[in-house]
Student: 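So that we are looking at the same thing, I have put the structure below in structure tokens.
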Amino acid sequence: MTRPEPAAAGPGALPRRKLPRSFYEQDTLTAAPALLGKLLVHRVGRTERVGRIVEVEAYLGPHDLAAHSSRGRTARTAIMFGPPGHAYVYMIYGLHFCMNVVTEPEGHAAAVLLRALEPVANIEGRTSGPALLCKALAIDKGLNGHDLLSDDLYIADAPPLPPRAIARRPRIGVAYAGHYWARRLLRFYERGNLHVSRA
DNA sequence: CTCCGGATTCGT
DNA sequence: CGAATCCGGAGT
């Protein structure tokens, strides 16, 4: 047949194709659910760790009181104000890292937090939870600001999930942002997926 | 400079 | 439910 078939890949596997810059430049409310099902790839040397994104949260911009950018442009949040398609990685509670992808045109400080992955290749340990995900894929602050159109850290395309397969819930751990922003349905996950951090 | 608390996780 | 453990952001 004409379609290339990766030898070690399972049935239905598709060739890996990086998401283009235009994907990240989209409206965050569009990009966040569209990231579900896509493949996060981190390559270190010959080891390529891959996970399928199954849970995300949208952080809309400085007006979103749960977003780090709501405190304004600082050394830490500068990446969020920068061009789309870059990784925003920060340390949390002094011991963990969380990874976001920067969305929307430069100057609009929005991002999507990656909360859970389904293991695909070379994954050790759990991937359900934003910090566990980073640990399993060896993602730390050294990757803050990294271009997601690079060859060692990127997201590969995959067919979008049908709308009915996507659940919308309030974000986790943002009660400090007040009722409005804490209650908004900005967490998206694949319904029924066992790797989601919290149903 | 000091102080407070966090987009978490794990063990009790 | 509290500890772990560091740093960003705010206030003095």
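Throughout, protein chains are lettered first and strands after them, A, B, ... in sequence-line order, and every chain is numbered starting at 1.
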Student: Can you check whether A:His42 reaches A:Leu40 side chain to side chain, under 4.5 Å on heavy atoms?
Tutor: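 Not in contact.
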Student: Return the NZ to CG distance between A:Lys135 and A:Asp140, rounded to the nearest 0.5 Å.
Tutor: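 Result: 13.0 Å between the selected atoms.
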Student: Could you identify the nucleotide paired to B:dT2, looking across every strand shown and requiring Watson-Crick or G-U wobble geometry with both distances under 3.5 Å?
Tutor: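 Paired with B:dT2, as far as the under-3.5 Å criterion goes, is C:dA10.
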Student: Can you check nucleotides 8-12 of chain B for protein contacts, nitrogen or oxygen pairs under 3.5 Å, and list what you find?
Tutor:
unit_1: B:dT8; atom_1: OP1; unit_2: A:Arg115; atom_2: NH1; d: 3.3
unit_1: B:dT8; atom_1: O2; unit_2: A:His96; atom_2: NE2; d: 3.0
unit_1: B:dT9; atom_1: OP1; unit_2: A:Pro130; atom_2: N; d: 3.3
unit_1: B:dT9; atom_1: OP1; unit_2: A:Ala131; atom_2: N; d: 3.1
unit_1: B:dT9; atom_1: OP1; unit_2: A:Leu132; atom_2: N; d: 3.3
unit_1: B:dT9; atom_1: O4'; unit_2: A:His96; atom_2: NE2; d: 3.4
unit_1: B:dC10; atom_1: OP2; unit_2: A:Arg126; atom_2: NH1; d: 3.4

Student: If every non-hydrogen atom of A:His68 is compared with every non-hydrogen atom of A:Thr77, which pair is closest and at what distance?
Tutor: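 Shortest heavy-atom contact: O-CG2, 3.5 Å.
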Student: Could you walk me through whether A:Asp157 and A:Lys18 pass the salt bridge (charged side-chain N to carboxylate O under 4.0 Å, His left out) check?
Tutor: CA-CA 6 Å; A:Asp157 201 2; A:Lys18 264 176 225 168; over 6 Å; no
Student: Name the pairing partner of B:dT8, where a pair is Watson-Crick or G-U wobble with both distances under 3.5 Å, or state none.
Tutor: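 Paired with C:dA4.
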Student: Side chains of A:His86 and A:Leu148: does their closest heavy-atom pair fall under 4.5 Å?
Tutor: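 In short, these two side chains do not touch, never coming nearer than 4.5 Å.
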Student: Looking at residues 59-83 of chain A, who's got a heavy atom less than 4.0 Å off DNA chain C?
Tutor: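 By residue number: A:Arg71, A:Thr74, A:Arg76, A:Thr77.
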Student: Can you see whether A:Tyr59 has A:Arg171 sitting over its ring - NZ or CZ less than 6.0 Å from the centre and within 45° of the normal?
Tutor: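 Yes.
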Student: Just the rounded figure in Å: distance from P of C:dT5 to NZ of A:Lys141.
Tutor: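 A:Lys141 atom NZ is separated from C:dT5 atom P by 18 Å.
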Student: Decide if atom CD of A:Glu48 counts as having more than 12 heavy atoms of other residues, nucleotides or ligands within a radius under 6.0 Å.
Tutor: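 It does: A:Glu48 CD has more than 12 such atoms within range.
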